[in-house]
Visitor: 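Pasting in a structure now, in C-alpha coordinates, and then I'll have a few things to ask.
Keep in mind that what you see is a predicted model, and the values were worked out from it rather than measured. Each residue takes its place number in the sequence, starting with 1.
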Amino acid sequence: ADVVLGPRTRNGASLVNIAKLPLHTKGRYIVNVENERVKWACINWAGAYSLPAVVGGLEAQNLTNLAARISNLGFNCVRLCYSTENHLMNPLVKDEDL
(Lines give C-alpha, C1' and ligand atoms only; values in the text may rest on other atoms or scores of the structure.)
Protein backbone atom coordinates (compact mmCIF):
# COMPACT_ATOMS: atom_id res chain seq x y z
CA ALA A 1 0.00 0.00 0.00
CA ASP A 2 1.23 3.46 -0.86
CA VAL A 3 1.76 6.10 1.78
CA VAL A 4 -0.79 8.89 1.83
CA LEU A 5 1.33 11.91 1.12
CA GLY A 6 -1.08 14.57 2.38
CA PRO A 7 -1.48 18.09 1.05
CA ARG A 8 0.96 19.67 -1.38
CA THR A 9 1.57 22.56 1.00
CA ARG A 10 4.39 22.23 3.49
CA ASN A 11 4.62 23.27 7.09
CA GLY A 12 7.98 23.65 8.79
CA ALA A 13 11.31 24.62 7.26
CA SER A 14 11.60 25.62 3.63
CA LEU A 15 13.31 23.34 1.17
CA VAL A 16 16.76 24.50 0.11
CA ASN A 17 16.69 26.24 -3.27
CA ILE A 18 19.17 24.36 -5.47
CA ALA A 19 19.96 27.60 -7.32
CA LYS A 20 21.40 28.92 -4.03
CA LEU A 21 23.82 26.02 -3.44
CA PRO A 22 26.42 25.27 -2.24
CA LEU A 23 25.85 25.90 1.43
CA HIS A 24 28.64 27.06 3.71
CA THR A 25 29.17 28.33 7.22
CA LYS A 26 29.33 31.94 8.28
CA GLY A 27 30.23 32.11 11.94
CA ARG A 28 27.83 29.77 13.71
CA TYR A 29 25.27 29.74 10.88
CA ILE A 30 24.79 27.67 7.74
CA VAL A 31 24.09 30.00 4.83
CA ASN A 32 23.49 29.78 1.08
CA VAL A 33 25.52 31.50 -1.68
CA GLU A 34 23.66 34.75 -0.95
CA ASN A 35 24.68 34.51 2.74
CA GLU A 36 21.05 33.93 3.78
CA ARG A 37 20.64 31.68 6.82
CA VAL A 38 19.26 28.23 6.13
CA LYS A 39 16.87 26.80 8.72
CA TRP A 40 17.19 23.06 9.26
CA ALA A 41 14.34 20.84 10.38
CA CYS A 42 15.92 17.39 10.57
CA ILE A 43 14.57 13.93 11.20
CA ASN A 44 16.60 10.89 12.25
CA TRP A 45 16.19 7.88 9.97
CA ALA A 46 17.48 4.96 11.95
CA GLY A 47 18.21 1.36 11.12
CA ALA A 48 21.24 1.35 8.83
CA TYR A 49 23.44 0.40 11.78
CA SER A 50 21.73 -2.97 12.25
CA LEU A 51 20.96 -5.94 10.04
CA PRO A 52 19.90 -5.83 7.23
CA ALA A 53 22.10 -2.67 6.98
CA VAL A 54 19.43 -0.42 5.47
CA VAL A 55 17.31 2.31 7.03
CA GLY A 56 13.93 1.25 8.37
CA GLY A 57 10.87 1.33 6.16
CA LEU A 58 12.41 0.57 2.79
CA GLU A 59 11.11 -2.98 2.99
CA ALA A 60 7.55 -1.58 3.17
CA GLN A 61 7.64 1.61 1.06
CA ASN A 62 9.74 2.85 -1.81
CA LEU A 63 12.23 5.66 -1.28
CA THR A 64 10.25 8.19 -3.35
CA ASN A 65 7.14 7.81 -1.18
CA LEU A 66 9.12 7.97 2.05
CA ALA A 67 11.08 11.06 0.96
CA ALA A 68 7.87 12.81 -0.11
CA ARG A 69 6.25 11.99 3.23
CA ILE A 70 9.25 13.35 5.15
CA SER A 71 9.15 16.56 3.11
CA ASN A 72 5.38 16.94 3.46
CA LEU A 73 5.74 16.65 7.23
CA GLY A 74 7.93 19.78 7.12
CA PHE A 75 11.43 18.30 7.30
CA ASN A 76 14.19 19.45 4.95
CA CYS A 77 17.04 17.37 6.35
CA VAL A 78 17.54 13.67 7.07
CA ARG A 79 20.22 12.42 9.47
CA LEU A 80 21.14 8.85 8.54
CA CYS A 81 22.44 6.73 11.38
CA TYR A 82 25.03 4.32 10.09
CA SER A 83 27.43 1.73 11.38
CA THR A 84 31.19 2.02 11.02
CA GLU A 85 31.34 -1.77 11.20
CA ASN A 86 28.91 -2.08 8.28
CA HIS A 87 30.93 0.48 6.34
CA LEU A 88 34.14 -1.48 6.89
CA MET A 89 32.59 -4.93 6.36
CA ASN A 90 30.37 -3.85 3.42
CA PRO A 91 27.63 -6.46 4.05
CA LEU A 92 25.48 -7.77 1.23
CA VAL A 93 22.06 -6.07 1.23
CA LYS A 94 19.23 -8.25 -0.06
CA ASP A 95 16.91 -6.84 -2.72
CA GLU A 96 13.85 -7.57 -0.57
CA ASP A 97 15.24 -5.28 2.16
CA LEU A 98 15.21 -2.26 -0.14
Visitor: Quick check: do Leu88 and Thr84 have side-chain heavy atoms less than 4.5 Å from each other?
Guide: yes

Visitor: Does any non-hydrogen side-chain atom of Ile30 lie less than 4.5 Å from one of His24?
Guide: no

Visitor: Find out whether Val16 and Leu21 are in side-chain contact, i.e. whether some heavy atom of one side chain is under 4.5 Å from a heavy atom of the other.
Guide: yes

Visitor: For the atom pair CH2 (Trp45) and CG (Leu66), what is the distance rounded to the nearest 0.5 Å?
Guide: 4.5 Å

Visitor: Between atom CD1 of Ile70 and atom CZ of Phe75, what is the distance when rounded to the nearest 0.5 Å?
Guide: 8.5 Å

Visitor: What is the distance from atom CG of Asn76 to atom OG of Ser71, rounded to the nearest 0.5 Å?
Guide: 8.0 Å

Visitor: Assess the residue pair Val38 and Leu23 against the criterion (side-chain contact (heavy atoms from CB on, under 4.5 Å)); give the C-alpha distance rounded to whole Å, side-chain angles, the decisive distance to 0.1 Å, and a yes or no.
Guide: CA-CA 8 Å; Val38 175; Leu23 303 178; 3.7 Å; yes

Visitor: Is a donor on one side and an acceptor on the other found under 3.5 Å between the side chain of Asn44 and the backbone of Ala46?
Guide: no

Visitor: Yes or no on side-chain contact (heavy atoms from CB on, under 4.5 Å) for Val31 and Lys26, after CA distance, side-chain angles and deciding distance?
Guide: CA-CA 7 Å; Val31 297; Lys26 184 175 183 182; 3.9 Å; yes

Visitor: First locate atom CZ of Arg79, then atom CH2 of Trp40, and finally report the distance between them rounded to the nearest 0.5 Å.
Guide: 11.0 Å

Visitor: Determine whether Pro22 and Val33 make a side-chain contact, defined as any pair of heavy atoms from C-beta on separated by less than 4.5 Å.
Guide: yes

Visitor: Quick check: closest heavy atoms across Ala41 and Gly74, and the distance to 0.1 Å?
Guide: CB-O, 3.7 Å

Visitor: Working to the nearest 0.5 Å, report the span between CD1 of Ile43 and SG of Cys77.
Guide: 10.0 Å

